[in-house]
Amino acid sequence: MCGRFSMAEDFAVLEKLFNLEPVDFPLKPRYNIAPTQDVPVVIWEGGRRLKLFRWGLIPAWAKDPAIGQKMINARAETVDQKPSFKNLLFRRRCLVLADGFYEWEKTGGKKIPYRIVLKNRKPFAFAGLYDIWQDSGGRMLYSCTIITTEANKLIRSIHDRMPVILNNKAISVWLDLGIKDIALLKNLLVPYPEEEMDIYEVAPLVNSPRVDIPQCIEPVKRLF
DNA sequence: CCAGACGTTGTT
DNA sequence: GTCTGG
DNA sequence: CCAGACGTTGTT
DNA sequence: GTCTGG
């Protein structure tokens with residue numbers, strides 16, 4: 001699963017790396033992003049546009065936006081079958097930008113946080129879906145979900161699910177809403193190669209969603 | 001037909 | 001135990 | 001995802 | 001909106 005991640009990179013770097021249209025708002029570095037918070041996403045609007053959407057998908061038909069707290073992930077295996085996601089797969093695909101994500105290893109009564117990054121330490125893109133919800137006053141609320149798949153060998157050591165990360169080629173396909181071939185799209189929703197990733201233990205201070213400081217992404221230093 | 005749910009994860 | 005808030 | 005709250009009444 | 005259960 002993916003229930004927490006980081007995105008501390010400057011937007012200028014993201015512009016260059018992902019070929020974005022000029023970004024006209026500042027991005028604060030985030031070391032511990034939790035569900036219900038705004039996350040940087042990219043959608044196609046005559047170019048790759050960076051936006052901030054709320055994490056936790058609130059479907060257009062929802063009466064209570066609280067449902068979004070349960071929709072932080074969508075399973076790749078069933079995303080084309082679930083009523084909540086099926087249509088979005090064709091109409092509202094997005095990227096969610098990150099530079100690392102957290103998974104917790106649960107053994108016995110203990111819970112140890114780990115951070116997973118790319119070996120090249122560059123930001124990357126999760127495969128996401130979004131929707132637009134309107135409150136009673138007609139105010140639009142954009143929200144998104146991150147697609148998950150089975151864990152690769154590296155991550156399987158602590159957890160059996162991981163978010164889908166798209167390489168450059170897959171990013172272009174995912175953002176092209178002209179592409180509606182389900183098989184083609186689902187082929188993108190696979191585990192990222194473990195040989196291109198690193199994993200390391202971090203301090204439990206990351207557990208609290210209120211803590212959003214650089215120490216969240218630092219490796220735990222052992223005393224021996 | 002209408003009513004009611006619509007999700008994931010982990011654990012048991 | 002389960003739900004809500006971050 | 002984890003942390004933290006979880007209730008009512010009446011009074012200010 | 002769309003699917004499932006009754």
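Naming: A, B, ... by sequence-line order, numbering from 1 per chain.
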J.: Give one of base, sugar-phosphate or nothing for A:Tyr102, where a contact means two heavy atoms less than 4.0 Å apart.
T.: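 Nothing, no nucleic acid heavy atom in range.
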J.: Could you check whether A:Phe5 and A:Trp55 have their ring centres less than 6.0 Å apart?
T.: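 Ring centres of A:Phe5 and A:Trp55 closer than 6.0 Å.
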J.: Applying a 4.0 Å non-hydrogen cut-off, can you work out what A:Glu103 is touching in the nucleic acid: base, sugar-phosphate, or nothing?
T.: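 Nothing: the residue A:Glu103, judged by heavy atoms under 4.0 Å, touches no strand.
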J.: So, are A:Arg115 and A:Asp99 salt-bridged, with charged N and O less than 4.0 Å apart?
T.: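 Answer for the salt bridge query: yes.
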J.: A:Gln69 CD to B:dT8 C1': how many Å, rounded?
T.: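 About 14 Å, once rounded to whole Å.
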J.: Under 5.5 Å centre to centre and under 30° between planes: does that hold for A:Trp104 and the six-membered base ring of D:dC1?
T.: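 A:Trp104 vs D:dC1: stacking no.
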J.: Between A:Lys82 (NZ) and B:dC6 (C1'), how many Å, whole number?
T.: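 Rounded to whole Å, this separation is 9 Å.
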J.: Is A:Ala74 touching bases, backbone alone, or none of the nucleic acid, heavy atoms closer than 4.0 Å?
T.: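 Sugar-phosphate, backbone atoms only, no base.
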J.: Which whole-number value in Å describes the distance from A:Ile132 CD1 to E:dG1 P?
T.: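 Answer to the nearest Å: 14 Å.
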J.: In whole Å, measure the gap between the P atoms of C:dG1 and B:dT8 for me.
T.: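 Here C:dG1 and B:dT8 have their P atoms 24 Å from each other.
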J.: For a quick test of reading the model: is some side-chain N or O of A:Arg75 closer than 4.0 Å to OP1 or OP2 of B:dT8?
T.: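 For A:Arg75, the contact criterion (side-chain N or O under 4.0 Å from OP1 or OP2 of B:dT8) is not met.
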J.: It should be established whether A:Ser208 places a side-chain nitrogen or oxygen under 4.0 Å from OP1 or OP2 of nucleotide D:dA3.
T.: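 Result: no.
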J.: What nucleic acid atoms does A:Leu57 come within less than 4.0 Å of, heavy atoms only: base, sugar-phosphate, or nothing?
T.: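 No contact.
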J.: What is the distance from CG of A:Asp64 to P of C:dC3, rounded to the nearest Å?
T.: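 Taking CG of A:Asp64 and P of C:dC3, I get 13 Å after rounding.
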J.: Quick check: any donor-acceptor pair below 3.5 Å linking the side-chain of A:Thr36 to the base of C:dG6?
T.: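 Under the 3.5 Å cut-off, the side chain and the base do form a donor-acceptor pair.
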J.: Given D:dA3, is OP1 or OP2 found less than 4.0 Å from the side-chain N or O atoms of A:Lys111?
T.: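 For D:dA3, OP1/OP2 do have a side-chain N/O of A:Lys111 under 4.0 Å.
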J.: Does a salt bridge link A:Glu194 with A:Lys119, judged by any charged N lying under 4.0 Å from a carboxylate O?
T.: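 No, this pair does not count.
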J.: Check whether any side-chain N or O of A:Thr78 sits under 4.0 Å from OP1 or OP2 of B:dG7, and answer yes or no.
T.: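 For A:Thr78, the contact criterion (side-chain N or O under 4.0 Å from OP1 or OP2 of B:dG7) is not met.
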J.: With A:Asp131, which of A:Arg92, A:Arg91, A:Arg54, A:Lys86 fulfils salt bridge (Lys or Arg N to Asp or Glu O under 4.0 Å)?
T.: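 Checked A:Arg92, A:Arg91, A:Arg54, A:Lys86 against A:Asp131; only one passes salt bridge (Lys or Arg N to Asp or Glu O under 4.0 Å): A:Arg92.
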J.: Mind checking the C1' distance from D:dT11 to B:dA3? Whole angstroms is fine.
T.: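 To the nearest whole Å, 44 Å.
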J.: How many whole angstroms separate atom CG of A:Leu88 from atom C1' of E:dG1?
T.: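 The distance from CG of A:Leu88 to C1' of E:dG1 comes to 10 Å, rounded to the nearest Å.
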J.: Would you mind checking if A:Lys51 and A:Glu45 are paired as a salt bridge, meaning a charged N to carboxylate O distance below 4.0 Å?
T.: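 Judged by the 4.0 Å cut-off on N to carboxylate O distance, A:Glu45 and A:Lys51 do form a salt bridge.
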J.: For D:dC1 versus B:dT9, give the span between their P atoms, rounded off to a whole number of Å.
T.: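 The answer is 8 Å between these two P atoms.
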J.: Using whole Å, what does the distance between atom P of nucleotide E:dG1 and atom CH2 of A:Trp133 come to?
T.: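 Rounded to whole Å, this separation is 16 Å.
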J.: So, does A:Lys86 get its side chain near the phosphate of B:dC6, meaning an N or O under 4.0 Å from OP1 or OP2?
T.: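 For B:dC6, OP1/OP2 do not have a side-chain N/O of A:Lys86 under 4.0 Å.
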J.: State whether A:Thr148 places a side-chain N or O below 4.0 Å from either non-bridging phosphate oxygen (OP1 or OP2) of B:dT9.
T.: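 Checking B:dT9 against A:Thr148, a side-chain N or O does come within under 4.0 Å of OP1 or OP2.
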J.: Look at A:Asn87 and E:dT2 and indicate whether a side-chain polar atom (N or O) is within less than 4.0 Å of OP1 or OP2.
T.: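 Checking E:dT2 against A:Asn87, a side-chain N or O does come within under 4.0 Å of OP1 or OP2.
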J.: Assess whether a salt bridge exists between A:Asp212 and A:Lys28, defined as any Lys/Arg side-chain N lying under 4.0 Å from an Asp/Glu carboxylate O.
T.: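 Salt bridge flag = no for A:Lys28 with A:Asp212.
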J.: If I take atom CD1 in residue A:Ile33 and atom P in nucleotide D:dA3, what distance separates them, rounded to the nearest angstrom?
T.: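 That distance rounds to 18 Å.
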J.: Looking only at the side chain of A:Arg161 (C-beta and beyond, no hydrogens), which of the listed nucleotides B:dT9, B:dC6, D:dC2 gets closest?
T.: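 Side chain of A:Arg161 sits closest to B:dT9.
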J.: For the side chain of A:Pro35, counting heavy atoms from C-beta on, which of D:dC1, B:dG7, D:dC2 is nearest?
T.: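 Of D:dC1, B:dG7, D:dC2, D:dC1 is nearest to the side chain of A:Pro35.
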J.: For a side-chain contact (heavy atoms from CB on, under 4.5 Å) check, start with the C-alpha distance between A:Phe124 and A:Phe101, then their side-chain angles and the critical distance, and finish with the verdict.
T.: CA-CA 10 Å; A:Phe124 48 87; A:Phe101 62 94; 4.1 Å; yes
J.: Rounding to the closest angstrom, what is the interatomic distance between B:dC6 and D:dG4 at atom P?
T.: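 Going atom to atom, P in each nucleotide, I get 29 Å.
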J.: Counting side-chain heavy atoms from CB outward, which of B:dT8, C:dG5, D:dC1 is closest to A:Arg4?
T.: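 Closest nucleotide to the A:Arg4 side chain: D:dC1.
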J.: What stems involve DNA chain E, if each pair must be Watson-Crick or G-U and both of its distances must be under 3.5 Å, with 3 or more such pairs in a row?
T.: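 Listed by first number, the stems are B:1-6 with E:1-6.
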